[in-house]
Amino acid sequence: MVNNNYLPFKAKILDKYQQTELDWTYRLECQIKPIFGQFMEVSLPGVGECPISISDFGEGYIEMTIRTVGQVTEGIEKLNPEDYLYLRGPYGIGFPIESFYNKHLIIATGGTGLAPVKSIINYFYAHPELLKQCDILTGFKTPSDVLFTSDLDKWSQLFRVEVTVDKLDEFGNLEVIPNSCSRKTGLITSLIPEVQLPSLEDVRVVIVGPPIMMRYTAQEFLCRGLKQENIWVSFERKMSCGLGKCGHCKIDETYVCLEGPVFNFTKAQTLLD
Amino acid sequence: MGYKYTAAAFNQLLENLRKKHRVYAPILLKGKGKFSDADLVGYDEIARVEEVVFNQKSYFSPKETFYPITQTLFYFAGDEFKESVVDEKGIIVFLRACDIQAVERLDKIMLENGLSPDYYYERLRKHLKFIVMDCQESFDSCFCVSMGTNTTKNYSASVRYENGLYLSDVKIDIDGLFALYGEQFEVSPQFVETNKQMVQVPQNLNLESVAINPIWEEYGARCIACGRCTVVCPSCSCYTMQDIFYEDNPKCGERRRVWASCHIDGFTDMAGGHSFRRTNGERMRFKVMHKINDFKQRFGVHMCVGCGRCDNACPEYISLAHCIDRLGKEEVGNCG
Ligand SMILES: Cc1cc2nc3c(=O)[nH]c(=O)nc-3n(C[C@H](O)[C@H](O)[C@H](O)COP(=O)(O)OP(=O)(O)OC[C@H]3O[C@@H](n4cnc5c(N)ncnc54)[C@H](O)[C@@H]3O)c2cc1C
Ligand code: SF4
Ligand code: SF4
Ligand code: FES
């Protein structure tokens, strides 16, 4: 019999940690072995389904960091350990992790864009000998939006981590960011002119965030002399299937759920909505 | 092998086909037209051949007979998921050459695109058999000849009504019934070789220059984003997922999919208020490019089959045929 590619499987919530007022990380019991940057379709029966990146994974589990923004994600927020979520996937093309070996990797993220690359950072944190150098530049709207503070602290023991917030708000100041990181206010693009690039040919850049952030951040790196082919981005689109059927994620002749969400910038910059 | 049938003989054939098949054909749907007393030609099951409308093009396309407007994928009750049941009967559809070509386009996206065939599409598609209705004369909005979709060899049987008889060329007889009720007769199916409107199809559109073409603003000013053009289109395949739960028992419900349209608001909406192609002009460009450029780049054939239904359906009298022709003529003009 043909496989029913729409039927989800059950995954028990093993653990749940709050990241910010709106973001929670869920650890789910799951045997899949994803590629860094892939996503799953996550279901809450009776409410709906939505695409969520795998933010981390390990033996027998995957993690997802989910921002409460609408019906499905609100429903998920009400769940607790021992409850179940329903999954299908993993889907999409992830990051070409091996092409980063022995290079100077720069990861630039905006907001929840940090979630899909968290597993890459953790991977290289566990294997720092695989990289020449690693910089993490991450921007958030305000201090209360900062994600993964304990991870940021951990990563900054090995890598240079810069955290910037667009503006300060009444709930927090820069103190919420671990002091092992460099803490700034301003847009993420303002960090790029300062980044040390000792050997330009070795630099590989990963950019994940809202569309405008990715566009301007890539531009800044191109200004620094980087070649388009050494930059990767990850797209977000409305998706109803993840299978190349529903049509929502299509841009030109490209299906983001199939050929993305991760694109090399040579391809990404040709995609016209 | 060719056969001829009286109406009575054809009806006997239908009666027997219907034992193992649902037979769909274009018929007059009472009161479904633009005005409440007007009729519209659309698809439904038939029992008698006299119901079939031969002398008009159907307003709706045949795709709903095997790709329903709303389709339940599975039911859930607590932790249990139960796949929706499928009618194991065959599906026989009366349709035109361009419509059969459109099904071949749907197959490309639903069966070939991505890593695996769409389970629910394939489930019904494998039961589908075509009866091609001859086109002796082109209807007003047709431009199949320009799209190269005016003929087909992909059918079980053909049918046309001529001098009180039904004439059929049978390629693959269904349970031997066409032979049983017909009288042998020399028949070859008739397809049009020319249309009232011939369209210059662009060969090599450059996306960047297409995107800045002022015609999209012009179309955007007229289009009201109603999506009718995509609903009647035989090759539009997009859908959106929808969950419902039953009011008397919120633990139970079903997941469905419903047809969607890239012309309608919300098609690209994401959480946080992001959306793409906000203007109706950009949406027109996106649809046109899908129909005559993007699909071909991926699958080697144009998605548009030139059936002209969108032109009949548009309340703003926007003509896709005319739009394609303008792009084609501009392209030739620019090169020469
Ligand atoms: C590849 C990919 C990876 C992603 N990874 C993550 C991740 O790691 N973490 C994360 O938090 N998010 C991620 N997202 C985003 C996530 O998919 C969305 O936040 C999620 O779909 C929201 O679903 P929801 O049901 O909660 O919101 P919905 O209730 O569906 O609302 C979402 C938006 O859709 C619109 N909308 C919904 N229904 C209607 C309607 N009936 N009429 C009009 N507008 C409507 C609204 O504008 C609303 O803002 C990812 C998306 C993609 C494509
Ligand atoms: S034209 Fe629009 S609705 Fe039709 S298949 Fe293409 S994207 Fe979907
Ligand atoms: S039918 Fe006409 S008005 Fe409606 S969406 Fe299509 S082009 Fe626009
Ligand atoms: S998400 Fe459905 S086609 Fe890509």
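Since the model is a prediction, treat every value here as computed from it, not as a measurement. Labels below follow one simple rule: chain letters A, B, ... track the order of the sequence lines, proteins then strands, and each chain is numbered from 1.
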### Message
So for B:Arg257, is it side chain, backbone, both, or neither that comes closer than 4.5 Å to the heavy atoms of chain A?
### Response
side chain
#### Entry: Proximity breakdown for A:Leu258 and chain B, heavy-atom pairs closer than 4.5 Å
side chain
### Summary
Sorted by chain and number, sequence neighbours left out, ring pair (Phe, Tyr, Trp, His ring centres under 6.0 Å) with A:Phe57 holds for A:Phe36
### Query
Going by the salt bridge (Lys or Arg N to Asp or Glu O under 4.0 Å) test, which pairs reach into residues 208-220 of chain B, not counting sequence neighbours?
B:Glu218-B:Arg326
### Message
For A:His248 and B:Thr268, which I'm curious about, is there any donor-acceptor pair between the side chains at under 3.5 Å?
### Response
no
### Summary
Looking only at B:His274, B:Met110, B:Arg285, B:Arg255, the option with the highest number of non-hydrogen pairs under 4.5 Å against chain A is B:Arg255
### Message
Quick check: do B:Phe286 and A:Leu272 have side-chain heavy atoms less than 4.5 Å from each other?
### Response
no
### Query
Pick one: which of B:Met289, B:Lys296, B:His290, B:Gln297 meets side-chain contact (heavy atoms from CB on, under 4.5 Å) with A:Glu253?
B:Gln297
### Query
Which residue out of A:Pro8, A:Cys257, A:Cys241 racks up the most heavy-atom pairs below 4.5 Å with chain B?
A:Pro8
#### Entry: chain A-proximal positions within residues 242-252 of chain B [heavy-atom distance under 4.5 Å]
B:Asp243, B:Ile244, B:Phe245
### Task
Flag the pair A:Leu7 / B:Phe74 as yes when at least one side-chain heavy-atom distance between them is below 4.5 Å, and no otherwise.
yes
### Query
Can you tell if the side chain of A:Pro45 reaches within under 4.5 Å of the side chain of B:Tyr75, non-hydrogen atoms only?
no
### Query
Does the pair B:Arg298/A:Glu259 count as a salt bridge with the N-to-O cut at 4.0 Å?
yes
### Query
Any idea which of B:Leu207, B:Leu115, B:Asn293 has the most non-hydrogen atom pairs under 4.5 angstrom with chain A?
B:Leu207
### Query
Would the B:Tyr120 and A:Tyr6 ring centres measure less than 6.0 Å apart?
yes
### Query
Relative to chain B, which segment of A:Ser43 carries a heavy atom at a distance below 4.5 Å: side chain, backbone, both, or neither?
both
### Query
Which bit of A:Lys10 is near chain B, if near means a heavy-atom gap under 4.5 Å: side chain, backbone, both or neither?
side chain
### Task
Please say whether more than 12 non-hydrogen atoms of neighbouring residues, nucleotides or ligands are located less than 6.0 Å from NZ in B:Lys89.
yes
## Note on the structure
For A:Tyr86, the ring pair (Phe, Tyr, Trp, His ring centres under 6.0 Å) test, sequence neighbours excluded, returns B:Phe81
### Message
Under 4.5 Å from any heavy atom of chain A, what part of B:Leu111 do you find: side chain, backbone, both or neither?
### Response
backbone
### Task
Please examine the side chains of A:Arg237 and B:Phe276, heavy atoms only from C-beta on, and report whether any two atoms are closer than 4.5 Å.
yes
